[in-house]
Structures are given as structure tokens and as C-alpha cells.
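Chain naming here is simple, since letters A, B, ... match the order of the sequence lines and numbering starts at 1 in each.
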2 protein chains.
Amino acid sequence: MDKRVTIIDVARHAQVSTTAVSKVLRNAYGASPAMRAKVQQAIAELGYRPNAAARGLRGQTYTIGVMIPELRNLFFADIIDGITAQLGGTDYQVLIAPGCNGEKEEARVIDAMTDRSMDGLILIAPVSSKKRLTEVARATPTVVVGRHGSSPTYDSVTDDDVVGAALVVDHLADLGHRRIAHIEHHETDRVRLAEMPNAQRANGYREAMTRRGLSEFIDIASTSYTHEGGYVGAKQLLTRAERPTAVFAGADVVALGALEAIAEAGLSVPGDISVAGYDNSALASFGPISLTSVDQDGRQMGADAARLVIGRITDRERRTVQVKLSPTLAVRRTTARAAPHT
Amino acid sequence: MDKRVTIIDVARHAQVSTTAVSKVLRNAYGASPAMRAKVQQAIAELGYRPNAAARGLRGQTYTIGVMIPELRNLFFADIIDGITAQLGGTDYQVLIAPGCNGEKEEARVIDAMTDRSMDGLILIAPVSSKKRLTEVARATPTVVVGRHGSSPTYDSVTDDDVVGAALVVDHLADLGHRRIAHIEHHETDRVRLAEMPNAQRANGYREAMTRRGLSEFIDIASTSYTHEGGYVGAKQLLTRAERPTAVFAGADVVALGALEAIAEAGLSVPGDISVAGYDNSALASFGPISLTSVDQDGRQMGADAARLVIGRITDRERRTVQVKLSPTLAVRRTTARAAPHT
DNA sequence: TCGGACGTGGGTAACGTTTTCCAAATGTTT
DNA sequence: AAACATTTGGAAAACGTTACCCACGTCCGA
């Protein structure tokens, strides 16, 4: 339990002041190359590492907090990969706060990160009110990922969910499908209705169906973005007098639930019904499943978010920006040509 | 950008000293019920939240760091769930450090957590040398999950991998299989050879095969615990003059890779070949896959780890303990009776 | 030669807590 | 009533770092 080496030890060892050591550590102005070298050697010899808590008290903590609503969603893992890749090589460390389902839990987690004086926050698909997010971002540089709408205080990175939904509808319509149903995440809150990806996907679905002249076939099962939600939603859709020939699930995990319900009903995919998901998670590309899905390029989203948060840490006055990425469609084996119309 | 409320503001507002406030915050001795009430009211009125960085400089940071080697492994998500569930309701916040594949990356991450003066560390399946782990644990209360062997400085939580492997072999042997092959994670380091779960699983496989009188059929493909490793390993096994009738993959993700290779070879599961995995991750239980797998109860492991780390924070002198849980087998549809021996 | 600009280095006061005393008040035993 | 223990509250010194400012040389142009 020997004490940690401090900046004072380094200063003594290099025969300079602690100010000098601090300057070297931060690449700050006012240190000659000679002194720099001397200090760096002392740091190396003593194996000194700065104490982040102490740093945080005056300056930065070199920590970026990432809030993730759900560890099991593989799409989020892609985002994290993008973030860490972008931040690799810098002094910043990424720390993830897990398990924040629900507004209350989310508030607790955001508070915890703020309390730890993190330099920047990346919030993935937060459910908090816009007011709250705006306040948080006022105190700490923040990037919100996966939530539409702009804010004067935080940057945002989103996927164009309307386009994504259209990709699916067009793909299915091109294959001859008309009865294309959708399973959505039920949303009540008015603001979130406009900002959350799930709502945008449902809107995109409606628009695209209308554009293709299929408005009479619009059919939405309103459940939730979970495996269970997909299962229940598909069950509902299968009881229709005229069964849909294709199901567009709002997320991959939903599609998996739907697949299970369809299999239970004794129907085959894509023979009887085509199924498409959203997120193109690792699950979707897994051979035996091979789910057609909208690809959001999570890595790119994560990298952009990291870039933006660092940018805002550097210049807090800069105007906020909104990055909107375009999704692509990964066509696989769960979608196929529809049977001729009866 | 209004300044944060500090302990000084609270003290002033409640007309007491900062010491008094601090005592109330920490439930420390020396505060009368009357004062406690007064201070708590002031805290509520001002919406005060203690600054973790400042706390860390003298006392605790109320932060537990969890190192996780791979975000995509769903088994790890179960462990995290167990940890957060156990810690819910306490003042401790869990922060996860991602992306630490490789010894060097792992060292960087552990350093980062130490630098941030975390109160406790939970290291999941670390690959660092035992010496290094021992040193880390000397500086910070640490629990190692998923690595066998005991240490004088850290507690450990493991699953009995030898038993787990035996469960699979017995299950398959009971179904009439004799050519039961295994796909292992290749290991070179001598210490890790004894401590890492993958090695224990391979040992358990050998022992069980011998015990069942099947030693002549022992057949191991040595690749890695990845999807790719499972694919390659299965390819190897399928080229044998006499093809195995069952494959025991050391991890679920490996089993998935194997399933893909088997499907490509035009063979059916479990008709031609039975496949079993390890970890019983969410993937394994997913209907269309329905993989027979060893269940480790990750939630329980996480809960135990959290309990132990808090215990060690409270009493750093207590002797280290080793918790060893017993796995069970979740039998599903990828294993079936073997064809009669030819 | 003077005066300012610039480069170099350090002294010192924060930052927001906890911890270690210490003093005063109160209670309890002889 | 004296002596002693306990409770209650606070003053002040850490903790390790950074930010702010000042001092001293040296260089250069006027």
C-alpha cells in the first residue's frame, strides 16, 4: 500500500516546480524543450500517472461518459466501437453507464456522470424530456445520438429514419408486396412522438406506403421495441382477415420476435411472409437468421458523436450541429417476391 | 452556466459548518438528529449533489469500475445486470470500461480506472498476468470474475468449468454419441493455461471423455472463442476421416460459427451432428436457434462479485474468498440421439 | 541606451470535499 | 459538588492538480 507518486515527487525529482510539471503534462505554453525533456524523463523514471480526481477539481477529468439504455442491443455496441475508435490515441477515456431504462433511472445515471465531472457526455437514445436534456447540456458538453430535432445546447447525431423506413417499403413493394404491415414502438409523449426514431420510422412507413399508392393497406401493430413486442405484434397481425404478406419490424429484435410468432403459426419465411428489421445488428447478418434489415452504420454514428463532443469541449461557444446519416438496406433471405395477387 | 451548489452553500443555508454537512452526508458519527434534519432540508431545498471528484481526493468516489473484455458477449450483459441489481439502492455507481481485448489494452483500461480513484474494481475474464492483477488489487479492492485460482489480494468468482464441460459430455454420451469433438480457445501462456475458463473447459472435456471410456475419441480443434473461431474449428472437424457426431463448442458464439459451417457443408443439426455451446446466452435460447448450452447464471456471478467488492471496500483486511458456482445444462434442440454406431 | 515584447519559470491561491483534531456543553457517577 | 465520560459542533489542514499572475532575462527596434 505504498503511496502513489504525485506531481510533487516528479517536480522534486526533476528539480523544477510543480507548475512546470503541470505545464508539460498538459502541453501548455511556457515550457522550454529542455525542461520538457527533463520532466518527461522524471515522469518515466517514477512511473507517474496523474490523479484524475484531483485534475477534475480544477480542470478536466479526461473522461467521456456514454449513457446506453440497453446493453444487449448489438447496434449500441457498434456505436460504442465507433466512439472508442475515434477516441483511441487521445487522452480521453470512455466510461459507460449501464442499465438506464425509464426516465427516472436515466436521470439518476446522468446525474451520476455529471457529479463525476465528466468532460463530455454522449447520450444514446435518451428518453428524458427535452428541457432536461437542454439543461444537462448547458452544464456539460453533450451529444445526443438517435433522437431527432435540434437544440441550442447539444449536438445530435441521427440516422434518417424516414428514409430507412422508405427503403424497406420500397424494397417490399418492388417485390410485389402490397399488404405490408408495420410493428411500431408505442409512443404517447407528444415531444418524443416527434423526436424518437421509432415515431419517425412509423411516419416514414406511412409516407412511403402512401407514395406507392398503398395507403389502403397501411396496418400498424403498436407494441414495443422488444423481442416480446415483436412476438405479440406479429400475433396480432396474423389474426387479420386478410393476412399481411410482409412485416416491417421497427427493430431487429422485434423482427426476431415476429419470426418466432410466425414459425409458431406454422407459416414459413419468406415463403408465406417476408420480414424485415431495422439496425442490421450482428444478429441480422448471422447465417441461419439472415434478416433483411436497415443498416445504420453505428460505427460512423459513434465516431461522429465522439468527434462532436471533443469539438464542443474545445469550443463551448460553437453553434450546435446536427449530423444526419443516411441508412442503407441490407437485403438478405427473409424477404422474397410476393405471391401473385389473388 | 450557473455554478454548482457546493457543500459551503448548504452549510450557509442551514447555518451550520461544512463539517456538519459532511457528517450528515456520510452518516458519520457526531451529528444530532436535529442537525441532521436541518441539513437534509437544506440539501433538498438547494438540490445539492456532492462532487465526486472532490470526494475522491480525500475519501471515496462511490464508483465501481467494471472491466469487460467484449461488449457483444451477451453473457457479460447478464453479469452486469447482476452487479447493478446488487448495487441498486446503494450510493455506488457502476461504470463500465469497454474495449479491452489484449493485455496491453487491458492494462491501459485498468490504469484509467485506478487513476480515477475508483473505490472498487470488478475485472471480468482479465488476461493480465497474475502478478499484475495482484498489484492492482493491492491498491484497489478488486474482484476477478471468471478466472480460476486464488490470490492473497483479490476475491474471485468463477463457474465450475470442469463440471460444465462434464455436463455436456455426459449429456451427449447419454444420447449415444461417441465421437464428441471439442472446439477450444487456443492458449499458450502457462499460468493462464491453469486459470482461464477455456482451459478448464478443455480439461473437463478430456476428463469426462476418459471417465466415460471415450478417450480414444477425444478430438480437439484449437481456434478461438469467436464466431470465426467456431466456423474454422468446425470446418477442421468436418474434414476428419471419421466425422464427429457431436461438437461441444467452448462458448455460444463459437457454437453459432460451427452451426454456420455445418449448414454450409450441407449437414443438418441435430440430424447429422449435435452441437452444444457454453454460457446459455440470450442467443442460445432464441427460438430458431435453440442451442443446447451450459448455463452459468451470470446474474448470480455478478451479484456475488458486487457483494464481495463492497465487502472488501468495507474491510480491506478480510481474507480473500473464492466463490465457485455450479453450472447447469439447458437442453434444447441442437442435440439429439446419435445414429446407431456403424 | 531605453523600453517594450517575448520566452521561461515559479509562487500561490483556488477547486470541494473529508479528516483530524479540539472545545464546549451536557449527562452520569461518585 | 466534584470528577469524569459522552455528545455535539466547528476550525483548519489536508488531498493532487491547475489557473492566474508575477518576475526575471534576453532580444530587438527606435
**Request:** To the nearest Å, give me how far apart CG (N51(A)) and P (dT17(C)) are.
**Result:** 16 Å

**Message:** Between R49(A) and D9(A), does any NZ, NE, NH1 or NH2 come within less than 4.0 Å of an OD or OE carboxylate oxygen?
**Reply:** no

**Item:** R147(A) and D159(A): CA distance, side-chain angles, deciding distance, salt bridge (charged side-chain N to carboxylate O under 4.0 Å, His left out) verdict
**Value:** CA-CA 9 Å; R147(A) 185 153 159 170; D159(A) 180 62; over 6 Å; no

**Request:** Nearest-nucleotide wise, let me know which of K23(B) and S22(A) is further upstream toward the 5' end of DNA chain D.
**Result:** K23(B)

**Complete:** In B/S/- notation (B base, S sugar-phosphate only, - none; protein heavy atoms under 4.0 Å), nucleotides 22-28 of chain C written 5' to 3' is -------

**Item:** Under-4.0 Å salt bridge between R318(A) and D315(A)
**Value:** no

**Message:** So V16(B), base contact, sugar-phosphate only, or nothing? Heavy-atom distance under 4.0 Å.
**Reply:** sugar-phosphate

**Asked** Q60(A) CD to dC15(C) P: how many Å, rounded?
**Response** 18 Å

**Message:** If the cut-off is 4.0 Å, is Y62(A) near the phosphate of dT17(D), judged by side-chain N/O to OP1 or OP2?
**Reply:** no

**Message:** Do L325(B) and M301(B) have side chains that approach each other closer than 4.5 Å (heavy atoms only, starting at C-beta)?
**Reply:** yes

**Asked** CZ of R116(A) versus P of dG16(C): gap in Å, rounded?
**Response** 17 Å

**Message:** I'd like to know whether E106(B) forms a side-chain hydrogen bond (donor to acceptor under 3.5 Å, both in side chains) with S128(B), so could you lay out the CA-CA distance, the side-chain angles of the two residues, the decisive distance to 0.1 Å, and finally the verdict.
**Reply:** CA-CA 7 Å; E106(B) 186 171 301; S128(B) 298; 2.6 Å; yes

**Item:** Check ion pair R316(B)-D155(B) (N to O, under 4.0 angstrom)
**Value:** no

**Asked** Can you tell if the side chain of L133(A) reaches within under 4.5 Å of the side chain of T142(A), non-hydrogen atoms only?
**Response** no

**Message:** Just to be sure I understand the rule, does T6(B) reach a base, reach only the sugar-phosphate, or reach nothing, if contact means heavy atoms closer than 4.0 Å?
**Reply:** sugar-phosphate

**Asked** Rounded to the nearest Å, what distance is computed from the CD1 atom of residue I7(A) to the P atom of nucleotide dA19(D)?
**Response** 11 Å

**Request:** Please check the phosphate of dC15(C) (OP1 and OP2 only) for any side-chain N or O of R55(A) closer than 4.0 Å.
**Result:** no

**Message:** Please check this pair: side chain of T63(A) against backbone of M118(A), looking for a donor-acceptor N/O pair closer than 3.5 Å.
**Reply:** no

**Request:** In plain terms, say whether R4(A) and D115(B) are close enough for a salt bridge, that is, a side-chain N and a carboxylate O under 4.0 Å apart.
**Result:** yes

**Prompt:** OP1 or OP2 of dT19(C) sitting under 4.0 Å from any side-chain N/O of R58(B)?
**Reply:** no

**Asked** Under a 4.0 Å N-O cut-off, is there an ion pair linking R72(A) with D78(B)?
**Response** yes

**Request:** Could you check how far CD of Q15(A) sits from C1' of dG9(C), rounded to whole Å?
**Result:** 15 Å

**Between dG16(C) (P) and R49(B) (CZ): distance, integer Å** = 16 Å

**Prompt:** In whole angstroms, how far is the P atom of dA13(D) from the CG atom of L57(B)?
**Reply:** 17 Å

**Nearest-nucleotide pick for T19(A), side chain only, options being dT12(C), dG9(C), dT17(D)** = dT12(C)

Would you tabulate the nitrogen or oxygen pairs shorter than 3.5 Å linking the protein to nucleotides 4-8 of chain C?
residue: dG7(C); atom: OP2; partner: Y29(A); partner atom: OH; Å: 2.7

**Prompt:** Under 4.0 Å between a side-chain N or O of R26(B) and OP1 or OP2 of dT19(C)?
**Reply:** yes

**Prompt:** Passes salt bridge (charged side-chain N to carboxylate O under 4.0 Å, His left out), R108(B) versus E105(B)? Steps please.
**Reply:** CA-CA 5 Å; R108(B) 228 183 58 86; E105(B) 252 312 290; 3.3 Å; yes

**Prompt:** In whole angstrom, what separates L25(A)'s CG from dT18(D)'s C1'?
**Reply:** 10 Å

**Request:** Please round to 10 degrees the angle between the axis of the first five pairs and the axis of the last five pairs in the helix from dT1(C)-dA30(D) to dT30(C)-dA1(D).
**Result:** 40°

**Message:** Counting only side-chain heavy atoms from C-beta out, which of dT17(C), dT17(D), dG11(C) sits nearest to S17(A)?
**Reply:** dG11(C)

**Prompt:** Quick one: do the E70(B) and Y225(B) side chains pair a donor with an acceptor below 3.5 Å?
**Reply:** no

